2 protein chains.
Amino acid sequence: MKLTKLFALIALCIASLSLQAFAADPLPSWNDGAAKQSIVEFVQATVDKSSPKFVPVAERIATFDNDGTLWPEQPMYFQLAFALDHMKTLAPKHPEWKDKQPFKAALKGDLKTVMAGGEHALLEIVMATHAGNTTEEFSQIVKDWLARAKHPKTGRPYTDMVYKPMLELLDYLRTNGFKTYIVSGGGIEFMRPWTEMVYGIPPEQVIGSSIKTRFELRDGKPVLVRLPEINFIDDKAGKPVGINQHIGRRPIAAFGNSDGDLQMLQWTCLTDGKRFCLYVHHTDAEREWAYDRNSRIGRLDKGLDEAKTRGWTVVDMKRDWKRIFPFESR
Amino acid sequence: MKLTKLFALIALCIASLSLQAFAADPLPSWNDGAAKQSIVEFVQATVDKSSPKFVPVAERIATFDNDGTLWPEQPMYFQLAFALDHMKTLAPKHPEWKDKQPFKAALKGDLKTVMAGGEHALLEIVMATHAGNTTEEFSQIVKDWLARAKHPKTGRPYTDMVYKPMLELLDYLRTNGFKTYIVSGGGIEFMRPWTEMVYGIPPEQVIGSSIKTRFELRDGKPVLVRLPEINFIDDKAGKPVGINQHIGRRPIAAFGNSDGDLQMLQWTCLTDGKRFCLYVHHTDAEREWAYDRNSRIGRLDKGLDEAKTRGWTVVDMKRDWKRIFPFESR
């Protein structure tokens, strides 16, 4: 070994020791308090080999809801904003939409009428805008939309509006050997094109709702065609089913914000061993939105009661988060 | 840094350099020849940053069929042997099976009559033996069976009968940054209890056929109940669908042994960029089994033709594998 190489190695060792000694706060956007403390205590016990709560790396699985947990869901699910925008692009090829609900209302921006149509109307819009192309075409459509779409309240690209404290939490868990998954009611193929860049979560760790696909050879090239048929709804009691289908292990930590996440938190925490469950509670009408028991979107009612009974961590966004979005000045 | 520590570090560096310089053959159970050479050339080009065929680690996805590719599938699929054995355990609770086909024949060991019932009969047997319990109970049933069951020809536990050359190949790929997946027509929950121990493949990297499950709270404890209803068949054109659903990326390498794997190989290799597809051809009647175009199990007919047309690697088990099972003397 050359001497220069040896010195470089020694310098590297010293640098890494110093980093450990003066380790920065891994959660700088979190205010000190019970929520932050519960996270740090859980992680420290999990990775401490001498702790009775130690968990081997292979079993350090953490699952995160997306809408309302990693990014906002107001004034409407971001994927619905995508569907309504994309419908406008497709409209010239569908003259029949001009006289047919819910398309007629959606094209006019009349959300009230669309919503009055309930789940069936939303499903019709999703099928019309999400199916009929190949998986690769759809991925490109999503990327193109994200590159130009702006959120109506902040005027920012949607992927800029991710919660800074949750980004820090994802990093903190991964630094400590956790595998982080998204488990969302949103579309799996709507999330995969950007979760790696935005959250550091690769496509194979994204679980979501899906439509069926069919394998075809087109001019000798294999494609997967997206069909207007529901394959799986990854919400409520569907979340533990989706987790088992994709991961095949029970998570040891789960993070959500609504009653749609309750069964995922139960599946994770109502069992033996050290577990961690956390609800993000939207309490900040000024910096974000404030809603819970009576909200149409992201209702948190039963979950809030169960969190209290079980002693799960509840994050009060207003009190616990120093800042919410990466673009805020500190 | 203490001097002793420094010397230990230097020793470690030298040891690791020596290991690289005198690297052992990563595929010792493979005879030298075109098949082995094609694998090594593909892996070396993939990891070489200066090669036009370099692939970043995140995209190094390799998918493997299981039955006939990683372990045998003769004289019957090992999972069918499990189903028939488990049926005997369940029989006392099902007196009606004594007079009802295909159960009556299966309980007598009359496979000919069972097989004459076709796919429908097999499906009935699978549902009767794979559903009606929780995911955790089923996992334990599989583990208990594997601990005591013996293969009728070798008298060995089934999990001892994995192909040594393929174990080496899995290791070789992982050492070079590949993520290795199983993509099997077999049951996902039948494989997950043992793939990590036997193949080094964790449950979240196992894709297979499945039945539906339902989330329930039983005495306050969450369980997933296995229902007698098909969820997904991960075979033929289902394999690319399953790959996309679970991984969300196209593999760059795929390994199979039958026409049931053809669409997976097409999905992987009939596209741009450096790709690798390989068929294991069962040609060794003495050490294993010899079968291809006319076999009921693991038929390799269209795939064999397409492999020739496309220039995919075809492994001739008799010629290319120095030994087949780990328990063979060399």
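Letters A, B, ... are given to chains in the order of the sequence lines, protein chains preceding strands, and every chain is numbered from 1. Quick caveat: nothing in here was measured; it's all calculated off a predicted structure.
Between the side chains of A/Arg174 and A/Thr180, at least one donor-acceptor pair of N or O atoms lies under 3.5 Å. B/Asn66 and B/Tyr199 are linked by a side-chain donor-acceptor pair at a separation below 3.5 angstrom, with hydrogens and angles left out of the test.
With respect to chain B, the highest number of heavy-atom pairs below 4.5 Å among A/Ala58, A/Ser210, A/Pro202 belongs to A/Ser210. Per-residue heavy-atom pair counts under 4.5 Å with chain A were compared for B/Asn231, B/Val241, B/Leu224, and the maximum is reached by B/Leu224.
Interface remark: A/Val223 contributes backbone atoms only to the contact with chain B (heavy atom separation under 4.5 Å). Contact of A/Ile188 with chain B is made through the side chain alone, with heavy-atom distances under 4.5 Å. Of the two parts of A/Glu196, only the side chain, counted from C-beta on, holds a non-hydrogen atom closer than 4.5 Å to a non-hydrogen atom of chain B. At a 4.5 Å heavy-atom cutoff, A/Lys236 makes no contact with chain B through either its backbone or its side chain. Of the atoms belonging to A/Thr271, it is backbone heavy atoms, and not side-chain ones, that fall under 4.5 Å from chain B. The contact between B/Tyr181 and chain A is made entirely by side chain atoms (from C-beta outward), counting heavy-atom distances below 4.5 Å. Contact of B/Ile207 with chain A is not made at all, since no heavy-atom distance falls under 4.5 Å.
Ring to ring, A/Trp145 and A/Tyr158 are close: their centroids are under 6.0 angstrom apart.
Ring geometry for A/Phe82 versus A/His130: interplanar angle over 60°, hence perpendicular rather than tilted (30 to 60°). Below 30°, between 30° and 60°, or above 60°: for B/Trp71 and B/Trp194 the angle between ring planes is below 30°, a parallel geometry.
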task: Test side chain to side chain donor-acceptor pair (under 3.5 Å) on A/Thr69 and A/Asn257 and set out the steps.
output: CA-CA 6 Å; A/Thr69 300; A/Asn257 79 298; 3.2 Å; yes
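Test B/His246, B/Gln205, B/Lys179 against A/Glu204 for side chain to side chain donor-acceptor pair (under 3.5 Å) and you get one pass: B/Lys179.
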